[in-house]
Amino acid sequence: MIDIDLLRRTPDLVRQAVSNKAEKHADVNKACEIDAAWRKCRTETETLQKSKNDLDARIGLLMREKKAAEAESVKAESRALGEKIKAAEAEAKRLDEERRAALEWIPNLPHESVPVAADAAGNVEVRHWGERRTFPFTPLAHWDVGEKLGILDIPRGSKIAGSGFPLFVGAGSRLCRALVNWMMDVHVQEHGYVELNVPVIANRPTMYATGQLPKLEQEMYFVERDGLFLIPTAEVPVTNIYRDEILPGDTLPRYHTAYSVCFRREAGAAGKDTRGIIRVHQFEKVEMVKFVRPEGSFDELERLVGNAETLLQRLGLEYRVLLLSTGDMSFASAKTYDLEVWAPGVGRYLEASSCSNFTDFQARRGNIRFRDKEGKVRLVHTLNGSGLALPRVIVALLETYQNADGSVTLPEVLRPYLGGEATIRPIK
RNA sequence: GGAGCGGUGGCAGAGUGGUCGAUUGCGGCGGCUUGCUAAGCCGUUAUACGGGUUAUACCUGUAUCUAGGGUUCGAAUCCCUACCGCUCCGCCA
């Protein structure tokens, strides 16, 4: 949710941001008009209420003085006023809902450092890391590597739940566990995050606070019977842990990391990346979330990106860092970096992490605040980033470290988590 | 799944229809005291939104006693529903 004061004072600024972000659902003019109407209606309603409150107080006094007849006449007056208030309130409520609906569709404003462009073509590569490996043979795509090793069984995954629900077998499954444990250990032991184990199913207010609702409703799995959503990312439960709370200022910043299964319908992506595990409906991810003071939140974003990059570097995977343009970044974000890892088998970069500063946008929706030194209550800034999403890291690992004989030699850092094994060989 | 009980301010805990936004204690904040001293005394203590001054402060109004409905001139207080928590039973990884 954007700052209503910002909209009232500088509607042009908001209008420009909306246009830069290419949010066609957002109607700034309408939001402003409804807001003005709502305020007018509210003032009127409150004035009426004030009159009625005064009448009601008088009734109380009259009753105590045993002036029943007089009280009755005031009662009648109050009752009549009550009818008027009821109508005025209904109108105010209607306008408020309309206003909220209009505001909900207005995205967060992009930071001034974000390149203005219509789409992904305007993204800017800010860094590149690693040497591209050269192969003495033609590198296979991960689905072939995984199938030959017997560690990735896509047909049997489909049998159970449909396409997009991969099944990892043997060393493949163990690799998943190893990655999760290793990544979380690095975040907890070296980067100062406190780990969480969270619900992977969440209610509407939770989804609303992080901005999944209303825009991405069609993207999520929904459990009709209970009115609950399967989370598309651990960002959702983690960001919501302090929803409707006022945190003591001296406990900020708070860093949290959580591993979770993530569910995405990928509704708009039919036909894209249908092979392999680049785009799946269920996957695992380690997420980092920060709750910080507004001052310096963009510095926190740089450090967050660094935390994710550390992992790719230690895995020895080639990657690039993109600063997303206004047209490509998400609804709630003020600034986003994507980390794209190189996958030599499929011959392209894959998004393995997305790190964003949401400024106070999520905090306002979720009512996540802190008390500053002066005792004032203020909204926190929230940030989050993947660190990292498993499937695409696995794709990069299998494709980058495949050998001519079909085996895969894994990076040093993972070996303690793989029982000391360095190489995955075909299962007989 | 069955039965019962409960949800009040940062916390604890009063309050069963009208001067209750809510006694009191703790905590916090400000001040005083500095020979009753690992203390005492005094004061203060929420949030959201509207309006007045559309930067703050401040003033004022409305709302908020889990949430949403209802009864009533008037509800923290009565009724209904939902959610959450606790206890017992059943079931179960």
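Note that the structure is a prediction, hence the values are computed from the model and not measured. Just so it is clear: chains get the letters A, B, ... in the order the sequence lines come, proteins before strands, and each one is counted from 1.
- Between A:Arg58 and B:rC73, a side-chain N or O to OP1/OP2 separation shorter than 4.0 Å is absent.
- In this structure, A:Arg42 places its CZ atom 5 Å from C1' of B:rG50, rounding to the nearest Å.
- Across all strands shown, B:rC92 remains unpaired; no Watson-Crick or G-U wobble contact has both distances below 3.5 Å.
- The side chain of A:Arg9 places no N or O atom within less than 4.0 Å of a non-bridging phosphate oxygen (OP1 or OP2) of B:rA55.
- If you check the side chains of A:Ser353 and A:Asp338, you find no donor sitting under 3.5 Å from an acceptor.
- The environment of CG in A:Asn197 is sparse: at most 12 heavy-atom neighbours from other residues, nucleotides or ligands sit within 6.0 Å.
- Each of A:Arg39 and A:Lys86 was assigned the nucleotide of RNA chain B with the nearest heavy atom; the assignment lying further toward the 5' end belongs to A:Arg39.
- Between the P atoms of B:rU72 and B:rG21, the separation comes to 22 Å (whole Å).
- Across all strands shown, B:rU87 is found opposite B:rA3 as a Watson-Crick or G-U wobble partner, with both distances under 3.5 Å.
- Under the 3.5 Å distance criterion, with hydrogens and angles disregarded, a donor-acceptor pair is assigned to the side chains of A:Thr233 and A:Lys285.
- On the P atoms, B:rC5 is 29 Å away from B:rG10, given to the nearest whole Å.
- B:rC20 makes up no base pair with any nucleotide shown, lacking Watson-Crick or G-U wobble contacts both under 3.5 Å.
- One can place NZ of A:Lys75 at 10 Å from P of B:rG74, the figure rounded to the nearest angstrom.
- B:rU34: no Watson-Crick or G-U partner with both key distances under 3.5 Å is found in any strand.
- Residue A:Lys93 places at least one side-chain N or O closer than 4.0 Å to OP1 or OP2 of B:rG69.
- In this structure, NZ of A:Lys52 is placed 17 Å from C1' of B:rG61, rounded to the nearest angstrom.
- When both pairing distances are held under 3.5 Å, B:rU81 makes a Watson-Crick or G-U pair with B:rA67.
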- Message: Between A:Glu195 and A:Thr257, is the side chain to side chain donor-acceptor pair (under 3.5 Å) condition met? List the steps.
- Response: CA-CA 5 Å; A:Glu195 71 173 278; A:Thr257 183; over 6 Å; no
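- Separating the CD atom of A:Glu46 from the P atom of B:rG61 is a distance of 11 Å, rounded to the nearest angstrom.
- The distance between atom CZ of A:Arg371 and atom P of B:rA48, rounded to the nearest whole Å, is 10 Å.
- Checked against the 6.0 Å centroid threshold, A:Phe291 and A:Tyr242 count as a close aromatic pair.
- The side chain of A:Asn53 places no N or O atom within less than 4.0 Å of a non-bridging phosphate oxygen (OP1 or OP2) of B:rG61.
- For A:Tyr255 and A:Glu300, the side-chain atoms include at least one donor-acceptor pair closer than 3.5 Å.
- Nucleotide B:rG50 is matched to B:rU60 when pairs are restricted to Watson-Crick or G-U wobble geometry with both distances under 3.5 angstrom.
- Separation of the C1' atoms belonging to B:rA39 and B:rU34 is 10 Å when rounded to the nearest angstrom.
- Shown here, B:rA76 forms no base pair; nothing in the strands shown gives a Watson-Crick or G-U wobble contact with both key distances under 3.5 Å.
- Spacing between atom CH2 of A:Trp38 and atom P of B:rU62 amounts to 16 Å, rounded to whole angstrom units.
- Listed nucleotides: B:rG18, B:rA63, B:rG50. Nearest to the side chain of A:Gln49: B:rA63.
- Nearest-nucleotide assignment on RNA chain B puts the 5′-proximal partner with A:Ala57, out of A:Ile246 and A:Ala57.
- Straight-line distance between the C1' atoms of B:rU19 and B:rU23: roughly 15 Å, to the nearest whole Å.
- The gap from the P atom of B:rG85 to that of B:rU8 amounts to 14 Å, rounded to the nearest Å.
- In this structure, A:Val74 reaches neither bases nor backbone, as no heavy-atom distance under 4.0 Å exists between it and the strands shown.
- Across the P atoms, B:rU44 and B:rC58 are found 16 Å apart, a figure rounded to whole Å.
- Here the P atom of nucleotide B:rG17 and the CG atom of A:Asp56 are 18 Å apart, to the nearest Å.
- Spacing of C1' atoms, B:rU33 relative to B:rC86, comes out at 47 Å, to the nearest Å.
- Put simply, A:Arg79 has no side-chain N or O that comes within less than 4.0 Å of OP1 or OP2 on B:rU71.
- Between B:rG7 and B:rA14, the two C1' atoms lie 16 Å apart (nearest whole Å).
- Among the heavy atoms of the strands, none lies under 4.0 Å from A:Leu55.
- Note: CE (A:Met63) to C1' (B:rG17) measures 11 Å, nearest angstrom.
- Taking 4.0 Å as the cut-off between side-chain N and carboxylate O, A:Asp35 and A:Arg39 count as a salt-bridged pair.
- With salt bridges taken as basic N to acidic carboxylate O contacts below 4.0 Å, none links A:Lys30 and A:Glu33.
- Across every strand in view, B:rC11 sits in a pair with B:rG25 that passes the Watson-Crick or G-U test at under 3.5 angstrom.
- Using a 4.0 Å heavy-atom distance criterion, A:Arg369 is classed as a sugar-phosphate-only contact.
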